[in-house]
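Lettering follows sequence order; numbering is per chain, from 1.
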Number of protein chains: 2
Amino acid sequence: MPSPSPASRRKTGGCPTGCSVEDTLSLIDGKWKIVILYKLLRGTLRFNEIRRQIPAVTQRMLTNQLRELEADGLVIRTVYPEVPPRVEYSLSAKGRSLEPVLLALKAWGDANFGAQAQARAA
Amino acid sequence: MPSPSPASRRKTGGCPTGCSVEDTLSLIDGKWKIVILYKLLRGTLRFNEIRRQIPAVTQRMLTNQLRELEADGLVIRTVYPEVPPRVEYSLSAKGRSLEPVLLALKAWGDANFGAQAQARAA
DNA sequence: GCACATAGTATCGAAAAGGATACTGTCAGG
DNA sequence: CCTGACAGTATCCTTTTCGATACTATGTGC
């Protein structure tokens with residue numbers, strides 16, 4: 001089964017011309033998804049760790065985007081039932097397969113936005 | 001100067017952690033930009049040719065997105081002062097340099113949305 | 001008892017994005 | 001004369017997105 005339950009908030013509609021591109025875009029739209037995926041590329045992170053890495057995102061948005069990413073099968077959410085609650089997020093195989101896209105994006109950004117971005121690159 | 005006038009509708013804000021990725025995203029957000037760029041990858045197109053290739057986009061949106069792409073230096077708009085007006089859109093060098101990103105996106109989409117999209121691929 | 005940390009929810013409201021529809025002006029075809 | 005194609009504008013309205021703020025529950029440290 002290629003697309004089990006896309007959880008797509010944006011309907012793709014008819015999609016008359018070949019547009020797996022559009023389908024893909026519907027999974028990674030939202031202002032933060034790609035950044036989150038990119039951060040997760042280097043390893044599992046906890047909720048507040050992500051928050052600290054992306055200070056501009058609000059708690060609501062982060063929860064939101066993470067839930068959508070989870071629903072789309074791109075990230076895995078693991079809850080440890082401890083008492084200071086602990087939740088870890090990591091990429092699924094599907095999420096990890098986006099790596100070429102993420103890296104291409106990063107490479108283009110570095111090439112087109114100069115060195116100041118490169119210098120800061122975490 | 002690496003980024004002359006990004007025409008960015010979305011402010012990037014401080015961008016404290018390395019995020020040329022975010023900068024890049026601000027250029028290609030909007031529901032249609034990537035699809036437009038993708039279509040343009042195979043050559044120059046006129047306004048209504050693009051419309052026909054992406055039937056779901058409205059005239060207003062198409063104008064809009066094309067203008068933003070032009071402002072960001074990704075596409076070139078050439079007006080021929082003829083009397084059935086003729087306007088051609090093509091990728092700039094900068095736009096063309098996005099090719100790896102677009103192809104990575106397409107490849108991922110094809111791999112993750114099954115064969116029906118591949119079959120239709122223009 | 002109070003504050004802090006964790007990982008969130010809930011609610012409100014502003015702003016932006018996107019869609020529908022109608023209109024422009026000129027020329028060619030019938 | 002009427003219609004259609006071209007490449008848009010202009011206007012209005014709905015939907016979606018995003019942000020701010022306040023709140024939950026639990027345990028630890030002071």
**OP:** With heavy atoms under 4.0 Å as the rule, sort A:R51 into base, sugar-phosphate or nothing.
**Re:** nothing
**OP:** Rounded to the nearest angstrom, tell me the gap between atom CG in B:N64 and atom P in C:dA20.
**Re:** 15 Å
**OP:** Could you state the atom-to-atom distance from CD of B:Q65 to P of C:dA16 in whole Å?
**Re:** 16 Å
Original post:
B:L66 has an atom CG; how far is it from atom C1' of D:dG8, in whole Å?
Top reply: 11 Å
Original post:
B:F47 and B:V83: same hydrophobic cluster, using ILVMFWY side-chain contacts below 4.5 Å?
Top reply: no
Subject >> B:K33 (side chain) donor-acceptor with B:D29 (main chain) under 3.5 angstrom >> reply: yes
**OP:** Mind grabbing the angle between the end helix axes of the helix from C:dG1-D:dC30 to C:dG30-D:dC1? Five pairs an end, 10° rounding.
**Re:** 10°
**OP:** Give one of base, sugar-phosphate or nothing for A:Y80, where a contact means two heavy atoms less than 4.0 Å apart.
**Re:** nothing
Original post:
Quick one: A:M61 CE to D:dT16 P, roughly how many Å, whole number?
Top reply: 14 Å
**OP:** Start with the C-alpha gap between B:L40 and B:I50, add the side-chain angles, then the distance that decides, and say whether side-chain contact (heavy atoms from CB on, under 4.5 Å) holds.
**Re:** CA-CA 9 Å; B:L40 249 25; B:I50 303 177; 4.2 Å; yes
**OP:** Enter the distance from A:R77:CZ to A:S90:OG here, rounded to the nearest 0.5 Å.
**Re:** 12.0 Å
Original post:
Can you check side-chain contact (heavy atoms from CB on, under 4.5 Å) on B:F113 and A:L27, steps first, answer last?
Top reply: CA-CA 11 Å; B:F113 288 99; A:L27 296 190; 3.9 Å; yes
Original post:
At under 4.0 Å between heavy atoms, what does A:R77 touch on the DNA or RNA strands: base, sugar-phosphate, or nothing?
Top reply: sugar-phosphate
**OP:** Give a yes/no answer on whether the side chain of B:R52 brings an N or O atom under 4.0 Å of OP1 or OP2 in D:dA7.
**Re:** no
Original post:
Reading nucleotides 22-30 of chain D 5' to 3', which nucleotides get B (base under 4.0 Å from a protein heavy atom), which S (sugar-phosphate only), which -?
Top reply: ----SS---
**OP:** Give me the one residue out of B:I76, B:L69, B:L66, B:L45 that meets side chain to side chain contact (heavy atoms under 4.5 Å, CB included) with B:Y89.
**Re:** B:L66
**OP:** May I have the step-by-step check of side-chain contact (heavy atoms from CB on, under 4.5 Å) for A:T58 and A:R60, ending in yes or no?
**Re:** CA-CA 5 Å; A:T58 60; A:R60 190 176 81 87; 4.2 Å; yes
**OP:** Please determine, for the side chain of A:K31, which listed nucleotide (D:dC18, D:dA7, C:dG8) has the closest atom?
**Re:** D:dC18
Original post:
Between CH2 of A:W108 and NZ of B:K94, what distance do you get to the nearest 0.5 Å?
Top reply: 5.0 Å
**OP:** Using atom CZ of B:R86 as one end and atom C1' of D:dG8 as the other, report the distance to the nearest whole Å.
**Re:** 16 Å
**OP:** Measure the distance from CZ on B:R46 to P on D:dC6 and round it to the nearest whole Å.
**Re:** 7 Å
**OP:** Give the intermediate values and the outcome of side-chain contact (heavy atoms from CB on, under 4.5 Å) for residues A:L25 and B:L105.
**Re:** CA-CA 8 Å; A:L25 289 178; B:L105 227 29; 4.3 Å; yes
Subject >> Distance in angstrom units between A:I54 CD1 and D:dG19 C1', rounded >> reply: 16 Å
**OP:** Select one nucleotide: of D:dT9, D:dC6, C:dG19, the one nearest the side-chain heavy atoms of B:T58.
**Re:** C:dG19
**OP:** Quickly work out the A:R67 CZ to C:dA10 P distance and round it to whole Å.
**Re:** 11 Å
Original post:
How would you label the contact of A:R60 with the nucleic acid (heavy atoms, under 4.0 Å): base, sugar-phosphate, or nothing?
Top reply: base
Original post:
Does a salt bridge link B:E49 with B:R51, judged by any charged N lying under 4.0 Å from a carboxylate O?
Top reply: no
